[in-house]
Participant: 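If you scroll down you'll find the structure; I have some questions about it.
Both ligands and their constituent atoms are indexed starting at 1 by order of listing. Since the model is a prediction, treat every value here as computed from it, not as a measurement.
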Amino acid sequence: MGEKAIVTCAVVGAEVTREQSPAVPYTPEEIARAAVDAWREGAAVVHLHARHPDGRPSQRAEHFREIVDRIRAAGCDVVVQCSTGGAVGMGVEERLGSLVEGAEMATLNMGTLNFGDDVFVNARPDIVRIAGRIRERKLVPECEIYDAGMLETLRWLLDKGHLAHPYHVQFVLGVPGGMSGTERNLRFLVEGMPEPAHWTVAGIGRFEMPMAELSLRLGGHVRVGLEDNLYVSRGVLAKGNPELVAAAVRMVAESGRTLASPADARRILEIA
Ligand code: KMH
Ligand code: ZN
């Protein structure tokens with residue numbers, strides 16, 4: 001049967017646009033509504049980015065604060081995870097603007113990689129700095145791993161004491177420039193973790209649902225959402241985040257595992 005399965009919804013990200021899909025939320029109000037709708041459908045965790053009203057990515061604290069306040073004002077107890085990845089090209093201090101009151105988790109990207117035609121820069125001293133800030137704020141870090149060498153960075157951070165329990169691992173598979181979403185790759189990464197840890201898979205684009213199904217089979221957790229994938233099936237746009245969450249929730253049931261509530265997720269992820 002295995003551990004209860006956490007479904008995370010990455011509701012907007014920094015890259016997808018309304019030109020690509022009318023369902024992409026931009027304003028804090030729209031992003032908060034997307035988060036609440038995802039929670040109603042069964043997501044226990046929401047991964048948040050913010051946008052300026054015109055859609056440009058934003059790491060401004062005021063935007064994150066408004067999103068978090070609106071989520072809580074709706075009576076929604078979803079676990080709030082804020083991105084410190086932001087968008088390609090942002091500086092580290094700018095990226096840290098997201099660590100507002102009310103955040104419970106924050107992403108910690110484990111290295112530099114080609115990100116499509118761009119480069120997502122995460123130099124080791126910057127990773128250490130971001131890890132330190134996450135620790136100061138008493139947030140649980142989610143370590144984002146896009147490529148095999150990043151496991152070595154995870155091991156190094158633990159060895160040097162820059163990272164300690166509790167932490168969560170996420171394998172992001174299918175970024176053009178990182179490892180793709182194959183069973184061989186996921187098994188290799190899971191086996192290569194420096195120590196046993198709970199983990200999630202975010203499959204990008206067409207890898208989203210196959211990786212969700214595989215992760216559930218291998219004992220991992222699942223991330224879906226418009227940040228990673230805009231489609232419910234080949235050529236068919238998702239109406240919104242809830243449709244993707246609903247598909248993940250169905251997969252949880254089919255896998256024989258039980259869906260984690262936000263309270264279950266806080267227990268599993270060791271959020272104080
Ligand atoms: N937007 C990507 C460049 C994270 O949220 O920490 C990085 C990203 C990872 O989305
Ligand atoms: Zn993100």
Side-chain angles (χ1 to χ4, degrees), residues 7-17 20 24-26 31 34-35 38 43 45-52 55-60 63-64 67-68 78-100 103-123 126-131 133-134 137 139-147 150 153-154 157 163 167-179 199-205 207-208 211 221-230 241 244:
V7 173
T8 295
C9 186
V11 294
V12 60
E15 288 82 24
V16 292
T17 66
Q20 294 171 291
V24 173
Y26 280 169
I31 294 170
V45 179
V46 286
H47 168 73
L48 297 177
H49 288 247
R51 300 291 184 100
H52 293 276
R56 281 175 302 123
S58 158
Q59 288 292 104
R60 285 207 188 153
H63 289 149
F64 279 87
I67 295 167
V68 175
V78 75
V79 174
V80 169
Q81 179 193 92
C82 292
S83 169
T84 68
V88 162
M90 287 178 169
V92 171
E93 270 314 307
E94 180 180 11
R95 283 164 55 175
L96 288 167
S98 62
L99 300 187
V100 298
E104 299 172 273
M105 300 180 76
T107 56
L108 179 62
N109 289 274
M110 290 284 112
T112 297
L113 79 155
N114 285 337
F115 207 92
D117 292 338
D118 298 311
V119 180
F120 182 33
V121 178
N122 292 285
D126 294 337
I127 301 173
V128 169
R129 188 157 137 215
I130 295 170
R133 200 70 72 82
I134 292 173
R137 300 284 169 101
L139 307 176
V140 173
E142 179 182 271
C143 301
E144 310 295 318
I145 292 185
Y146 306 78
D147 219 337
M150 295 184 190
T153 302
L154 174 58
L157 290 167
L163 185 70
Y167 69 91
H168 182 61
V169 173
Q170 175 157 261
F171 300 111
V172 185
L173 299 181
V175 170
M179 286 172 87
W199 51 274
T200 295
V201 184
I204 305 302
F207 295 115
E208 183 166 81
M211 285 298 101
H221 303 280
V222 172
R223 179 171 114 172
V224 294
L226 296 178
E227 170 167 349
D228 301 337
N229 164 47
L230 296 170
N241 284 286
L244 297 171

Participant: Nearest protein heavy atom to atom 10 (O) of ligand 1, by residue and atom, and its distance?
Facilitator: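 Of the protein heavy atoms, E227 OE2, 3.0 Å lies nearest.
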
Participant: When you compare ligand 1 with F120, is there at least one nitrogen or oxygen pair between them that comes in under 3.5 angstrom?
Facilitator: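 For ligand 1, there is no N or O atom that lies under 3.5 Å from one belonging to F120.
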
Participant: Under 4.0 Å from any heavy atom of N109, which atoms of ligand 1 are there?
Facilitator: 4 (C), 6 (O), 9 (C)

Participant: If you measure from the Lys or Arg side-chain nitrogens to the Asp or Glu carboxylate oxygens, is any gap between E104 and R137 under 4.0 Å?
Facilitator: no

Participant: May I ask you to determine how many protein N/O/S atoms are under 2.8 Å from the Zn ion (ligand 2)?
Facilitator: 3

Participant: May I ask which of R95, H49, E144, E15 has a heavy atom nearer to atom 8 (C) of ligand 1 than the others do?
Facilitator: H49

Participant: Under 3.5 Å, side chain of N114 to main-chain N/O of G178, donor-acceptor pair present?
Facilitator: no

Participant: F207 vs L173, test: side chain to side chain contact (heavy atoms under 4.5 Å, CB included). Steps then yes/no.
Facilitator: CA-CA 7 Å; F207 295 115; L173 299 181; 5.7 Å; no

Participant: Please check whether Y146 reaches ligand 1 - meaning an N/O of the residue sits under 3.5 Å from an N/O of the ligand, judged on distance alone.
Facilitator: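 No, since none of the N or O atoms of Y146 sits under 3.5 Å from an N or O of ligand 1.
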
Participant: Roughly how far, to the nearest 0.5 Å, is the NE2 atom of H63 from the NE2 atom of H52?
Facilitator: 6.0 Å

Participant: If you compare all heavy atoms of I145 against all heavy atoms of M110, which two are closest, and at what distance to 0.1 Å?
Facilitator: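 Distance-wise, the nearest heavy atoms are CG1-CG, 3.7 Å.
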
Participant: Can you list everything that forms a ring-ring contact (aromatic ring centres under 6.0 Å, His included) with H47? Sequence neighbours excluded, please.
Facilitator: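 With neighbours one apart ignored, the set is H49.
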
Participant: How far apart are the closest heavy atoms of G85 and F120, and which atoms are they?
Facilitator: O-CE1, 3.6 Å

Participant: Give the minimum heavy-atom separation between Y146 and M150, together with the two atoms involved.
Facilitator: N-SD, 3.4 Å

Participant: Any idea which protein heavy atom is nearest atom 4 (C) of ligand 1, and the distance to it?
Facilitator: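 The closest heavy atom on the protein side is S83 OG, 3.3 Å.
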
Participant: With nothing but distance in play, are any N or O atoms of G85 less than 3.5 Å from an N or O of ligand 1?
Facilitator: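 Between G85 and ligand 1, an N or O pair is found under 3.5 Å apart.
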
Participant: With no hydrogens and no angle check, just 3.5 Å: does a side-chain donor-acceptor pair link E94 and Q59?
Facilitator: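 Note: E94 and Q59 side chains miss the donor-acceptor criterion.
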
Participant: Heavy atom of G86 under 4.0 Å from ligand 1?
Facilitator: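 Yes.
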
Participant: How far is atom 6 (O) of ligand 1 from its nearest protein heavy atom, and which residue and atom is that?
Facilitator: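 Residue, atom and distance for the closest contact: T107 OG1, 2.6 Å.
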
Participant: Over all heavy atoms of both residues, which pair between V12 and P25 is shortest? Give the atoms and the distance, please.
Facilitator: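 Of all heavy-atom pairs spanning V12 and P25, the closest is CG2-O, 3.1 Å.
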
